[in-house]
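So that the names make sense, note that chain A is the first sequence line, chain B the second, and so on, each numbered from 1.
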Number of protein chains: 2
Amino acid sequence: MTFKRTNPLALAVLALLAERPMHPYEMAQTMRERHQEEVIKLNYGSLYTVVESLHKHELITASATQKAGNRPERTVYAITDTGTAELHDWLRELIAVPAREYPRFEAGISMVGLLPPHDALTVVEQRVDALDQQLTALAVLLEKLAGMGLPQLAWIELDYRLAMLRAERGWLTWFAAATRDGTVGGYPDWEDRHR
Amino acid sequence: MTFKRTNPLALAVLALLAERPMHPYEMAQTMRERHQEEVIKLNYGSLYTVVESLHKHELITASATQKAGNRPERTVYAITDTGTAELHDWLRELIAVPAREYPRFEAGISMVGLLPPHDALTVVEQRVDALDQQLTALAVLLEKLAGMGLPQLAWIELDYRLAMLRAERGWLTWFAAATRDGTVGGYPDWEDRHR
DNA sequence: ACCCGTATATTCGGCGCCGGATATACGGGA
DNA sequence: TCCCGTATATCCGGCGCCGAATATACGGGT
């Protein structure tokens with residue numbers, strides 16, 4: 001069986017091992033230090049399964065080094081040539097080809113007609129507030145990173161997220177307004193269904 | 001154990017059973033007819049496990065009706081009062097509270113520095129092309145739906161997706177331009193690393 | 001010297017998800 | 001009437017993911 005590009009955590013592992021050999025726990029630490037865990041979901045269980053999978057497909061190699069007992073604790077892994085190739089090819093694909101992601105909010109908003117208009121308005125406004133908090137937090141963080149002299153390329157994904165958050169906020173405020181003054185298409189029916 | 005709001009497919013099931021009792025296969029058919037499967041990931045395996053989970057938590061009830069053999073094929077389910085409550089509460093939460101989703105593109109773009117600038121530009125432009133296709137397809141669909149006289153509220157999630165696609169396209173063209181003429185922060189280093 | 005909370009490093013059991021396999025009914029053509 | 005492709009309806013085995021459990025080392029306070 002050929003390696004399946006499911007869990008992006010595997011991509012992070014390949015990227016880390018492209019720098020230098022590491023053991024899984026060290027990978028996790030490094031990801032935390034660099035705030036990568038906010039972009040790629042990380043937990044220990046998945047990390048070890050993903051590493052084992054990469055090893056099975058010979059994208060990485062294991063060199064056991066024991067420390068205190070005689071059992072090999074701290075298994076250190078290194079990337080192989082096919083692993084490097086996989087890293088770059090996967091990365092290209094991830095950027096070039098948009099993937100269907102099924103965002104949960106899309107599912108939610110598609111059923112908003114099930115809520116009474118007044119309740120719908122309330123929850124949409126709550127979401128706007130939450131997004132505003134995220135936006136200010138993100139703006140502060142960007143300010144700080146730029147002040148530290150870090151290049152923009154090092155936090156480019158935050159720049160992207162900022163743009164997307166702003167867009168979502170914009171759409172939400174439009175929808176809230178259209179709900180408030182009943183200009184959203186189908187409003188009369190919507191109100192009638194909830195009396 | 002209390003019911004866990006993981007798979008949004010369970011929400012779709014509750015919403016369908018809020019209309020009328022159904023058996024799982026019929027739910028799938030209905031979702032397909034209404035193009036709900038483009039918003040909520042649907043496959044038969046998950047559907048039956050999700051239905052069983054809802055049943056176990058008494059959010060829906062089963063009424064077995066046999067057809068030909070003596071085994072109960074076509075098990076018809078109906079929503080309970082707690083099920084209806086769960087539907088509405090879950091829906092509110094889904095809209096009000098933004099959830100961390102870990103979009104794959106964010107992971108990809110965060111590592112774009114691993115690719116040579118020229119290659120990065122290429123794949124970003126490929127993504128723009130792909131998004132353009134999605135955008136025109138979506139515009140055509142919206143035109144058609146509006147022409148059929150369907151209320152906007154019935155396809156509000158497409159309206160949302162349109163806004164988000166446009167925002168992503170905008171950010172990508174900015175990034176492509178900034179890469180092309182080397183104005184993205186950290187470009188000199190980026191180019192140096194790939195000689 | 002001893003204790004114990006924290007950091008280090010990995011393992012494990014369970015469970016949800018998925019694609020494919022299974023089984024039966026229906027309907028149109030030779 | 002018989003055949004077989006399609007539609008109907010569900011089940012099942014495997015696997016990836018996750019959170020909790022496990023085990024050992026380290027270090028500071030008394």
Phosphate oxygens OP1/OP2 of D:dT10: is one of them under 4.0 Å from a side-chain N or O of B:Tyr48?
yes
OP1 or OP2 of C:dC18 sitting under 4.0 Å from any side-chain N/O of B:Lys41?
yes
Between A:Glu168 and A:Arg127, does at least one N-O distance fall below 4.0 Å, as a salt bridge requires?
yes
Qualifying residues under salt bridge (charged side-chain N to carboxylate O under 4.0 Å, His left out), relative to B:Asp132, sequence neighbours excluded:
B:Arg169
Only counting residues at least two apart or in another chain, list the ones meeting salt bridge (charged side-chain N to carboxylate O under 4.0 Å, His left out) with B:Glu38.
none
With nearest nucleotide decided by heavy atoms, which residue, A:Lys56 or B:Thr49, maps closer to the 5′ end of DNA chain D?
B:Thr49
Considering only residues two or more places apart or on different chains, which pairs with a residue in residues 52-64 of chain A satisfy salt bridge (Lys or Arg N to Asp or Glu O under 4.0 Å)?
none
In whole angstrom, what separates [X]'s [atom1] from [N]'s [atom2]?
| X | N | atom1 | atom2 | result |
| --- | --- | --- | --- | --- |
| A:His55 | C:dT10 | NE2 | C1' | 16 Å |
| A:Leu47 | D:dA20 | CG | P | 17 Å |
| B:Leu54 | C:dC15 | CG | P | 17 Å |
| A:Asn43 | C:dC15 | CG | P | 17 Å |
| B:Glu52 | D:dC12 | CD | P | 11 Å |
| B:Tyr44 | C:dT22 | OH | C1' | 15 Å |
| B:Arg74 | D:dA9 | CZ | C1' | 9 Å |

Among residues two or more places apart or on two chains, list those pairs meeting ring-ring contact (aromatic ring centres under 6.0 Å, His included) that have a residue in residues 91-138 of chain A.
A:Phe105-B:Tyr160
Contacting residues from residues 4-31 of chain B, given that a heavy atom lies under 4.0 angstrom of DNA chain D
B:His23, B:Pro24, B:Tyr25, B:Gln29
Report, one line per pair, each donor and acceptor closer than 3.5 Å where one atom sits in a side chain of residues 146-158 of chain B; sequence neighbours left out.
| unit_1 | atom_1 | unit_2 | atom_2 | d |
| --- | --- | --- | --- | --- |
| B:Gln152 | OE1 | A:Gly185 | N | 3.0 |
| B:Trp155 | NE1 | B:Pro151 | O | 3.3 |

